[in-house]
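So the structure is just underneath, and the comments pick up after that.
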Amino acid sequence: MEKKIGTTTLSTVVSDITTLRVDAVVNAANSSLMGGGGVDGAIHRAGGPSILQECKKIVSEIGRLPAGEAVITTAGNMPSKHVIHTVGPVWHGGKKDEPAILRNAYTNSLKQASRHGLKTVAFPSISTGVYGYPVSRAASVAVSAVVDFVKAHPDAFVEITFCGFDDTTEREYASALQSSV
Ligand code: ADP
């Protein structure tokens, strides 16, 4: 699935995000920035120890990363150049501001990317693993946040990719992208 807004192509793909050759892959981190399971573990394994070193330095400067915020490191041994670490919300049934926090995670990741002049960015399905956010709801929040940002900054990016680890997840983002305006 692809959609073009200004100079930016929005696309979906099924892939291991650690293999993508993009300016930045986004990490669904946790507030400690010390690594973990899921995509976070995969990124630290593929990138090597330099990413954790940089994360420790960030934590020593700013402390824990609140949900919805984003910071940037290099990507170590991965083919991508940078990792943007963001923290999605834990799903508590939808009454604890989860959509607004998830939206901030996407928007603040794109702010970091554009601040650093990065043109190609890939997102995993933030919060829909261990954090339990229902995928179809997360996909509509994610796509709406990214589409709104790109409409407001139509020449900032070349390609933004929603990377599903499995077909079912990718289909949810493709369908959210299809129905977005
Ligand atoms: P969270 O804690 O934010 O829920 P998870 O890492 O548990 O984050 O899951 C987020 C999504 O990332 C899930 O859809 C999971 O299948 C997916 N995922 C796990 N490993 C990878 C990977 N290597 N590349 C892309 N997506 C991945």
Side-chain angles (χ1 to χ4, degrees), residues 1 10-52 55 59 64-94 96-110 112-113 120-146 159-177:
M1 174 62 204
L10 302 183
S11 62
T12 63
V13 68
V14 182
S15 177
D16 175 348
I17 201 167
T18 65
T19 66
L20 298 182
R21 192 171 296 277
V22 285
D23 291 340
V25 295
V26 176
N27 182 17
N30 57 63
S31 290
S32 76
L33 292 181
M34 291 299 108
V39 71
D40 194 6
I43 284 174
H44 281 278
R45 270 195 306 280
S50 64
I51 299 177
L52 188 59
C55 284
V59 172
R64 288 167 69 81
L65 187 67
E69 300 295 317
V71 296
I72 188 165
T73 67
T74 58
N77 302 323
M78 284 189 290
S80 52
K81 296 189 190 121
H82 296 85
V83 178
I84 295 170
H85 306 262
T86 191
V87 181
V90 176
W91 179 256
H92 289 290
K96 294 211 162 170
D97 246 7
E98 293 94 327
I101 297 168
L102 187 61
R103 189 178 175 86
N104 285 343
Y106 281 88
T107 303
N108 286 322
S109 294
L110 292 178
Q112 282 286 5
T120 54
V121 179
F123 283 96
S125 179
I126 297 169
S127 282
T128 69
V130 173
Y131 281 8
Y133 208 122
V135 181
S136 94
R137 294 188 194 214
S140 78
V141 172
V143 166
S144 138
V146 170
E159 183 156 20
I160 300 175
T161 306
F162 296 97
C163 175
F165 202 32
D166 54 79
D167 295 349
T168 318
T169 302
E170 186 268 344
R171 272 199 295 272
E172 293 289 359
Y173 287 78
S175 124
L177 195 53

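In this text the structure is predicted, and so the values were computed from the model without any measurement. In listed order, ligands and their atoms are each counted from 1.
In summary, the side chains of S125 and T169 do not present any donor paired with an acceptor at a separation below 3.5 Å, with no hydrogens or angles considered. There is a side-chain donor-acceptor pair under 3.5 Å between T73 and H85. Side-chain atoms of T120 and E159 form no donor-acceptor pair, as typed in the model, at a separation below 3.5 Å. Donor-acceptor pairing under 3.5 Å is recorded for the side chains of S144 and R103.
Residue A42 has no nitrogen or oxygen atom sitting less than 3.5 Å from a nitrogen or oxygen atom of ligand 1, judged on distance alone. Looking at S127 next to ligand 1, an N or O pair under 3.5 Å apart turns up. For ligand 1, the polar-atom distance check finds no N/O of T169 at less than 3.5 Å from any of the ligand's N/O atoms. Of the polar atoms of I17, at least one N or O is found under 3.5 Å from an N or O of ligand 1, judged by distance alone.
Closest approach of A24 and I84 over heavy atoms only: CB-CD1, 3.8 Å. Shown here for S136 and E172, the closest heavy-atom pair between the two residues is CB-OE1, 3.1 Å.
Of all atoms in ligand 1, numbered sequentially from 1 with element shown, those under 4.0 Å from a heavy atom of D16 are 22 (C), 23 (N), 24 (N). For ligand 1 and G38, the ligand atoms under 4.0 Å from any heavy atom of the residue are 6 (O), 19 (C), 20 (N). Against a heavy-atom cut-off of under 4.0 Å, A28 is close to the following atoms of ligand 1: 3 (O), 8 (O).
The nearest protein atom to atom 26 (N) of ligand 1, hydrogens excluded, is given as F165 CB, 3.5 Å; this is a heavy-atom distance. At the top of the distance list for atom 5 (P) of ligand 1, counting protein heavy atoms only, stands G129 CA, 3.9 Å. The protein atom (non-hydrogen) at minimum distance from atom 13 (C) of ligand 1 is T128 OG1, 4.0 Å. Regarding atom 10 (C) of ligand 1, its nearest protein heavy-atom neighbour is S125 O, 3.2 Å. Looking only at protein heavy atoms, the nearest one to atom 12 (O) of ligand 1 is V39 CB, 3.9 Å. Of the protein's non-hydrogen atoms, V130 N, 2.9 Å is the one closest to atom 7 (O) of ligand 1.
Distances from ligand 1 to the non-hydrogen atoms of S15 include at least one value under 4.0 Å.
Under the 3.5 Å distance criterion, the side-chain polar atoms of T161 are left unmatched by any main-chain donor or acceptor of C163. Of the possible donor and acceptor atoms, none in the side chain of S31 sits under 3.5 Å from a partner among the backbone N and O of P66.
Atom CE of M1 is separated from atom CZ of R171 by 15.0 Å, given to the nearest 0.5 angstrom.
Of the options N27, N77, I43, a side-chain contact (heavy atoms from CB on, under 4.5 Å) to I51 is made by I43 and by none of the others.
Residue nearest to atom 2 (O) of ligand 1, selected from Y131, F123, W91: Y131 (by heavy-atom distance).
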